[in-house]
Amino acid sequence: MDKYDFKTIEQKWQKYWEENQTFHAEIDKSRPKFYALIEFPYPSGQGLHAGHPRPYTAMDIIARKRRMQGYNVLFPIGWDAFGLPTENYAIKNQIHPKTVTESNIAMFTRQCKSFGWSFDWGREVDTTNPDYYKWTQWIFLQLFKHGLAYKKEMAVNWCTECKVVLANEEVVAGECERCSGAVVRKEKSQWMLKITEFAQDLIDGLADVEYPERVKQSQINWIGRSTGAEVNFDTSEGDILRVFTTRPDTLFGATYMVIAPEHPYIDKWQSSLKNIDEIRAYAEKAARKSDFERSEIIKEKSGVKLDGVTAINPVNNAEIPIFISDYVLMSYGTGAIMAVPGHDKRDHEFAKMFGLPIIEVVSGGNVETEAYEDIDEGVMVNSAFLNELSVSEAKSAITAWLKENNKGEKKINYKLRDWVFSRQRYWGEPIPVIWCEKCGWVAVPEEQLPLMLPEIDNYMPTDTGESPLSTLESFINTTCPTCNAPAKRETDTMPQWAGSSWYYLRYADPQNAAEFVSKEALEYWLPVDWYNGGMEHTTLHLLYSRFWHKFLFGTDKVNTPEPYLKRTAHGMILGEDGQKMSKSRGNVVNPLELIENFGADSLRLYEMFIGDFEKTAKWSKDGIKGCKRFLDRIFALEDMLEAEDDGHYSADLCNLMHRTIKKVSEDIEQLKFNTAIAAMMSFLNEVYSKGKINRAELRDLLILLSPFAPHIASEMYEKLDIGAIHEETWPDFDPELCVFDEIEIVLQVNGKIKSRLMTASDTDKDALLAAAHADEAVTAAIAGKEVVKEIVVPGKLVNIVVKM
RNA sequence: GCCGCCGUGGUGGAAUCGGCAGACACAAGGGACUUAAAAUCCCUCGGUAGCAAUACCGUGACGGUUCAAGUCCGUCCGGCGGCACCA
């Protein structure tokens, strides 16, 4: 019985689109452009999973609609192909990563094409292609030349499983984001990118882009701006210990100081410190702990008092002790704090433990039992000239005082750290710099790019933490581009985030051999108009790429301050058990099997119908049936098509048709795909109850459906013999025809529905009230009672309020 | 602890500005067709009471504002995501 032969239809149209390059975009200044972007996939060996089709189909729907709205649409696809999983797979199976990548890309290409997404396959990029990574290296060199890339010996996050350094953003709860391996601290010399230089720009830029509030908030929190002051404390050693505080108002309550275990003053003061051995032992113990271990024992404060060195509180000249403790981090502020136990929980806890004095400087709490941190209520006490001021008044007063007396100044700090950019693995872009004993780090000359990743046999990671490239003499040994002396190449590679930090630029001009992107292409296509991706990239890829873009903008390489005008974020698709899909849980849904059984159109429709696009959704294996059923019924509309047709909607369906166009058009823009589909289902139900549809109605229904289910829509449209559906214009609706002539008015007494009334939609207030009073159920309900109030909302209801 | 999001039938989820709670589907039950099954079509489908018309209850809990609250405000409970000794 199955007349809807989706397999044949889908293959036919996928072939058609490919042969005709239907979705290939070229610069055309006569038309407005629209740049739709999805996060390009990492071509893993597992192939597409059920999570991929959700965002891809969503942007495909937007792209297809925009084309029908007259836009010149750029909707590209490519491969984010460097990275660890490929390398690990390669090692395990003794196949070169390059070969693995090639076959994975071939598989992904085949799979993507079976969904019928309208990508411009002529603009494919591959981050592992030397023609591409040449420009990734080039951008790195621009950063390097502007002093924004530097090498630094530092404690890094070291994944013991992957044997690689991780960026702060890649460490999740003390574990490796990828493999969940333990992360420990390790001293290593690393390439760093100065993203911190752009901290303020990255916050400010958010004001000019359309991102979901939750994305903006996450980025702002991650950057972590806080305003306060730096304050100088004189020490008994005659030098100055500088601290950062957000509460300079509480300076009179500072009863001791704490410095980080790694603080350089320990060395400086060592001859005066009577308990230097104890201090060193504590510092060493702290250094050995991983970040995870440090946070594990969060409840227990520990520390050592410096015996022999004290500090002077600048506001009252009180002599106060100094401690070292691992609750103070060297990497934030100045690595030293003034401790105010009366008004900071951590300081309070520490003070209780070491029996240190607690002074109340803001009234309102009981500082002996608990730190009082409220800043909105309470006034200053025990604070000399600050007394009786509010907290915020005291902040500005003390900041001014500090400046006047040369004891400190206003200061803004950020939690954001510089980006650790080195990876000790093989499968990444070589960092194009050379170490010369005489000249230091020297850039590889741009004309020598790309610096090719050499073909090697052994790309196993090493336990020493050196890159596999470090043993390859032919690669390492070179000459200094500046002085020609023998020199050595950097052997670390870039992180996976490098290639994805600028790929949206390359899409505009993917084959350009002379520039990373031409000016003309930039000016026409950029910025990206709509970028959809996952929440998990908010503080990774999304922040990194904004950083690179802002750098390129600042150096006149791109023409807009922000890369993406609008960002939306889809929810994840979970397995049927409500858990994240994973092989080990056995709850993985294979989308290719579903295409086999139900067709790509049904799967596309179901992924959009499953629920609110922006929220996580649980997979249900039965849900797709309803979508398939819907398409079966659509296909059968051919049998209901009326022979005669005057080119207009029938009187029966005109109203509903306009409302459906309105609903579908507006819902797509708001990512409410589920209700857009529901509206089409309702329309179809109405057609079925009438048993007939005319050509004008079927034509526009198919156009509305085509972004969601392009194969079946194209096929049925072809039979109408009025052209190709992808060249059609998106239908308009007439707002006047969207309203009903007659509507139902609810008649309430004391807010309870007593009756309903069909009336002309433009009936005025007086007439509605009169009609209500004429209604039997209403009159019965108000009989013998005093009418207190009468509320009439035209088009909605009448509510009569009576007293009992 | 902080930031953000969310709690609606058996299930996924609808519900512009506060104005008919449960659209649209899935599952389930009943019926038609069929030798039978699948598919398809029709009907029922939040709870309680009732033969019924109908009445009352019902959007995590409790309060508040309002003629009217899933929606706004307050307090609490539960879940999810992110950050987390950031001074």
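Each chain gets a letter, A, B and so on, in the order its sequence line appears, and its residues count up from 1.
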*Asks:* Please name the pair of heavy atoms, one in A:Pro261 and one in A:Ile324, separated by the smallest distance, quoted to 0.1 Å.
*Replies:*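 Distance-wise, the nearest heavy atoms are CA-CD1, 4.5 Å.
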
*Asks:* Take atom CD of A:Gln217 and atom P of B:rC6, then tell me their distance rounded to the nearest Å.
*Replies:* 14 Å

*Asks:* For the residue pair A:Leu656 and A:Phe683, establish whether any side-chain heavy-atom pair is separated by less than 4.5 Å.
*Replies:* yes

*Asks:* Hey, is the main chain of A:Lys621 close enough, under 3.5 Å, to the side chain of A:Glu576 for a donor-acceptor pair?
*Replies:* yes

*Asks:* Report the residue (A:Val793 or A:Gly626) whose heavy-atom-nearest nucleotide on RNA chain B is the more 5′ of the two.
*Replies:* A:Val793

*Asks:* Check nucleotides 15-18 of chain B for protein N or O atoms closer than 3.5 Å to its own N or O atoms and list the pairs.
*Replies:*
unit_1	atom_1	unit_2	atom_2	d
B:rA15	OP1	A:Lys672	NZ	3.2

*Asks:* Measure from CD on A:Gln219 to C1' on B:rC3 and round the result to the nearest Å.
*Replies:*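 Rounded to whole Å, this separation is 14 Å.
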
*Asks:* Any residue in residues 603-613 of chain A with a heavy atom nearer than 4.0 angstrom to RNA chain B? Just list them by number, or reply none.
*Replies:* A:Phe609, A:Ile610, A:Asp612

*Asks:* Measuring from the side chain of A:Asn674 (C-beta onward, heavy atoms only), which nucleotide among B:rG12, B:rA23, B:rG13 has the closest atom?
*Replies:*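 Nearest to the side-chain atoms of A:Asn674, counting from C-beta on, is B:rG13.
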
*Asks:* For nucleotides 64-69 of chain B, read 5' to 3', which letter fits each nucleotide if B means a protein heavy atom sits under 4.0 Å from the base, S means only the sugar-phosphate is that close, and - means neither?
*Replies:* ---B--

*Asks:* Counting any heavy atom closer than 4.0 Å, what does A:Thr245 reach on the DNA or RNA strands: base, sugar-phosphate only, or nothing?
*Replies:* sugar-phosphate

*Asks:* What closest approach, in Å, do A:Glu607 and A:Ile573 show between heavy atoms, and which atom pair accounts for it?
*Replies:* OE1-CD1, 3.3 Å

*Asks:* Can you check nucleotides 54-57 of chain B for protein contacts, nitrogen or oxygen pairs under 3.5 Å, and list what you find?
*Replies:*
unit_1	atom_1	unit_2	atom_2	d
B:rC57	OP2	A:Lys752	NZ	3.3

*Asks:* Would you indicate which nucleotide in B:rC24, B:rA27, B:rG12 comes nearest to any side-chain atom of A:Ala678?
*Replies:* B:rC24

*Asks:* What's A:Arg633 touching, base or sugar-phosphate or nothing? Going by heavy atoms closer than 4.0 Å.
*Replies:* sugar-phosphate

*Asks:* Rounding to an integer number of Å, can you tell me how far A:Tyr414 OH sits from B:rA84 P?
*Replies:*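 About 19 Å, once rounded to whole Å.
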
*Asks:* Using whole Å, what does the distance between atom C1' of nucleotide B:rG10 and atom CG of A:Asp622 come to?
*Replies:*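 These atoms are roughly 13 Å apart.
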
*Asks:* Quick one: do A:Glu349 and A:Lys345 satisfy salt bridge (charged side-chain N to carboxylate O under 4.0 Å, His left out)? Show the steps, please.
*Replies:* CA-CA 6 Å; A:Glu349 196 188 323; A:Lys345 229 167 35 191; over 6 Å; no

*Asks:* For RNA chain B, which consecutive runs of 3 or more Watson-Crick or G-U pairs (each distance under 3.5 Å) count as stems?
*Replies:* B:1-7 with B:77-83, B:10-12 with B:24-26, B:28-32 with B:40-44, B:46-49 with B:54-57, B:60-64 with B:72-76

*Asks:* Treating primed atoms plus P, OP1 and OP2 as sugar-phosphate and everything else as base, which nucleotides of nucleotides 70-82 of chain B get B, S or - for protein heavy atoms under 4.0 Å?
*Replies:* -------------

*Asks:* Around atom NZ of A:Lys395, are there more than 12 heavy atoms of other residues, nucleotides or ligands at under 6.0 Å?
*Replies:* yes

*Asks:* Using whole Å, what does the distance between atom C1' of nucleotide B:rG1 and atom CG of A:Asp374 come to?
*Replies:* 15 Å

*Asks:* How would you label the contact of A:Ser226 with the nucleic acid (heavy atoms, under 4.0 Å): base, sugar-phosphate, or nothing?
*Replies:*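 Contact class for A:Ser226: sugar-phosphate only.
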
*Asks:* Nearest heavy-atom pair of A:Lys216 and A:Val209: which atoms, and what distance?
*Replies:*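 Between these two residues, the closest heavy atoms are NZ-O, 3.2 Å.
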
*Asks:* Has A:Tyr414 got a side-chain atom pairing as donor or acceptor with A:Glu197's backbone, closer than 3.5 angstrom?
*Replies:*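 Absent.
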
*Asks:* Please report the distance, rounded to the nearest Å, between CZ in A:Phe673 and P in B:rA25.
*Replies:* 20 Å

*Asks:* Measure from the side chain of A:Arg629, starting at C-beta and using heavy atoms only, and say which of B:rA27, B:rC20, B:rC24 lies closest.
*Replies:* B:rA27

*Asks:* Please pick, from B:rA27, B:rC20, B:rA25, the nucleotide with the shortest atom-to-atom distance to any side-chain atom of A:Met681.
*Replies:* B:rA25

*Asks:* I need the NZ-P distance between A:Lys615 and B:rC5, as an integer number of Å.
*Replies:* 11 Å

*Asks:* Have a look at A:Asn685 and say if it touches a base, only the backbone sugar-phosphate, or nothing, with a 4.0 Å heavy-atom cut-off.
*Replies:* sugar-phosphate

*Asks:* Establish whether the base of B:rC85 is bridged to the side chain of A:Lys301 by a donor-acceptor pair shorter than 3.5 Å.
*Replies:* yes

*Asks:* Check whether the side chains of A:Tyr4 and A:Ser602 place a donor and an acceptor atom closer than 3.5 Å, and report yes or no.
*Replies:*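 Result is no, nothing qualifies.
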
*Asks:* What is the distance, to the nearest angstrom, from the NE2 atom on A:His348 to the P atom on B:rA87?
*Replies:*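 Going from A:His348 (NE2) to B:rA87 (P), I get 19 Å.
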
*Asks:* Closer than 4.0 Å, any side-chain N/O of A:Lys621 to the OP1 or OP2 of B:rC26?
*Replies:* no

*Asks:* State whether a side-chain donor-acceptor pair under 3.5 Å links A:His537 with A:Glu39.
*Replies:*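 Looking only at side-chain atoms, A:Glu39 and A:His537 do form a donor-acceptor pair, the distance falling under 3.5 Å.
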
*Asks:* Near A:Glu736 CD, under 6.0 Å, is it more than 12 heavy atoms from other residues, nucleotides or ligands?
*Replies:* no

*Asks:* Grab the two heavy atoms, one from A:Asn232 and one from A:Arg242, that are nearest each other, plus how far apart they are.
*Replies:* OD1-NH1, 2.6 Å

*Asks:* Near A:Lys765 NZ, under 6.0 Å, is it more than 12 heavy atoms from other residues, nucleotides or ligands?
*Replies:* no

